[in-house]
Amino acid sequence: MSTFECAYCGQFKAATDDHVPPKSIFKDPKPLELPTVKSCAQCNQGASDDDEYFRDTVVKYYAVADKPQAKDQLAAMYRAATKSKKRKYAERTLSSFFKIEVISSAGIYLGTVPAYRIDTVRFNRVVIRYIKGLYRYDTGTRLPDDRHIEVISDPDTIHQKRQQVEQLLAGSESKNIQEGVFWYAWGQAVDNPAASFWLLVFYDAFPIIAVIN
């Protein structure tokens with residue numbers, strides 16, 4: 001069996017292809033070319049559960065849940081919740097929901113929308129994995145172990161900072177993997193070529209920012 005350098009740990013025993021982000025994010029028919037990197041079995045262990053948690057967190061977001069591009073993913077989440085082995089996961093998901101009041105920029109009360117508590121540590125761990133994979137996919141090299149990845153995963157905060165985000169990515173090329181489902185862009189810092197700024201956008205509504213330094 002041929003072996004390759006794992007995009008995540010760097011060991012030369014990567015014999016599997018890993019989609020970044022996972023195929024479960026994309027709607028059917030899925031794109032013919034998805035970002036794929038080599039991964040070892042150890043780095044892949046438990047990845048499917050984390051990928052499921054990531055997908056469910058994104059599609060539950062109020063600005064995503066009503067989008068037709070996410071209907072199959074929502075259906076998959078509901079189907080999984082009915083399985084006995086997923087009972088505890090489903091219970092935690094239901095207990096995480098609550099409502100928040102929405103106020104417009106003009107101070108007008110717009111009502112309430114559903115919200116939910118996120119396991120930020122777990123969610124950001126998944127994002128870091130995707131960033132490492134996309135870095136390997138785009139640059140052809142593995143992200144060095146001494147580099148730090150900082151994640152901002154609150155979409156509402158990022159929406160509020162849209163102008164600043166656009167300025168940081170000015171001149172960067174965006175890569176649209178599937179229309180209305182996932183695109184991303186990244187650019188190097190002007191004052192530090194070793195640092196880079198990444199924007200991942202799911203379903204044109206759930207943005208995530210990552211900074212590598």
Side-chain angles (χ1 to χ4, degrees), residues 7-8 16-31 34-37 39 43-102 112-134 137 149-159 176-184 198-210:
Y8 308 111
T16 61
D17 292 325
D18 188 39
H19 293 96
V20 189
K23 293 174 70 175
S24 60
I25 287 289
F26 299 94
K27 66 177 183 178
D28 292 327
K30 301 187 189 305
L34 294 173
T36 305
V37 295
S39 175
C43 286
N44 260 331
Q45 288 177 355
S48 60
D49 288 341
D50 278 348
D51 288 341
E52 181 183 33
Y53 178 78
F54 178 88
R55 179 203 65 193
D56 293 352
T57 300
V58 170
V59 299
K60 286 185 298 186
Y61 181 54
Y62 67 89
V64 174
D66 291 334
K67 287 184 174 289
Q69 297 94 329
K71 66 177 183 179
D72 290 341
Q73 283 66 35
L74 275 171
M77 180 183 72
Y78 292 137
R79 285 196 303 271
T82 63
K83 298 178 180 179
S84 58
K85 66 178 182 178
K86 292 286 185 179
R87 183 174 301 167
K88 290 185 178 179
Y89 176 71
E91 290 174 351
R92 288 195 300 268
T93 297
L94 290 174
S95 65
S96 69
F97 276 97
F98 60 97
K99 288 186 177 294
I100 59 172
E101 296 181 341
V102 179
T112 61
V113 296
Y116 49 92
R117 298 173 185 84
I118 297 176
D119 182 344
T120 305
V121 173
R122 184 180 189 184
F123 189 84
N124 289 358
R125 181 178 71 221
V126 181
V127 173
I128 288 171
R129 184 170 183 271
Y130 295 166
I131 292 295
K132 287 181 177 180
L134 290 173
Y137 178 76
I149 302 176
E150 182 179 355
V151 176
I152 302 173
S153 53
D154 180 358
D156 292 329
T157 298
I158 298 173
H159 283 305
N176 192 355
I177 306 304
Q178 186 176 50
E179 189 71 33
V181 176
F182 175 63
W183 66 270
Y184 71 100
W198 294 70
L199 173 67
L200 315 184
V201 182
F202 295 86
Y203 305 103
D204 287 338
F206 198 112
I208 297 170
I209 288 173

* Residue pairs fulfilling salt bridge (charged side-chain N to carboxylate O under 4.0 Å, His left out) with at least one residue in residues 123-133, sequence neighbours excluded -> Asp18-Arg129, Asp50-Arg125
* Which heavy atom of Phe206 sits nearest a heavy atom of Thr57, and at what distance? -> CE1-O, 4.2 Å
* Which heavy-atom pair separates Leu74 from Ala65 by the least distance, and what is that distance? -> CD1-O, 3.1 Å
* **Partners meeting side-chain contact (heavy atoms from CB on, under 4.5 Å) with Thr16 (sequence neighbours left out)** => Ser39, Asn44
* **salt bridge (Lys or Arg N to Asp or Glu O under 4.0 Å) against Lys30, all qualifying residues, sequence neighbours excluded** => Asp28
* **Contacts of Asp204 that satisfy side-chain contact (heavy atoms from CB on, under 4.5 Å) - sequence neighbours left out** => Trp183
* **Exercise: identify the closest heavy-atom pair between Ala80 and Glu52** => CB-OE2, 3.6 Å
* Minimal non-hydrogen separation, Ala205 against Ala63, with atom names -> CB-O, 3.5 Å
* Is it the case that Ser153 and Asn124 place a side-chain donor and acceptor less than 3.5 Å from each other? -> yes
* Okay, side chain of Gln73, backbone of Arg55: is any donor-acceptor separation there less than 3.5 Å? -> no
* **Chi angles and distances behind the side chain to side chain contact (heavy atoms under 4.5 Å, CB included) call for Met77, Lys60** => CA-CA 9 Å; Met77 180 183 72; Lys60 286 185 298 186; 3.7 Å; yes
* Asked: Can you list the residues that meet the ring-ring contact (aromatic ring centres under 6.0 Å, His included) rule with Phe182, with sequence neighbours excluded?
  -> Tyr184, Phe202
* To do: Check whether any side-chain heavy atom of Ile177 sits under 4.5 Å from a side-chain heavy atom of Phe26, and report yes or no.
  => yes
* To do: Only counting residues at least two apart or in another chain, list the ones meeting ring-ring contact (aromatic ring centres under 6.0 Å, His included) with Tyr8.
  => none
* Asked: So Tyr61 and His159, would you call those rings parallel, tilted or perpendicular, with 30° and 60° as cut-offs?
  -> parallel
* Among Ile25, Val37, Thr36, Leu34, the one residue meeting side chain to side chain contact (heavy atoms under 4.5 Å, CB included) with Val20 -> Val37
* Structure fact -> Note: Ile152 and Ile158 closest approach over all heavy atoms is O-CD1, 3.4 Å
* **From CD1 (Ile131) to CD1 (Ile209), nearest 0.5 Å** => 10.5 Å
* Are the side chains of Leu134 and Leu200 in touch, meaning some heavy atoms are under 4.5 Å apart? -> yes
* Structure fact -> Partner of Phe123 under side chain to side chain contact (heavy atoms under 4.5 Å, CB included), picked from Val127, Asp119, Val121, is Val127
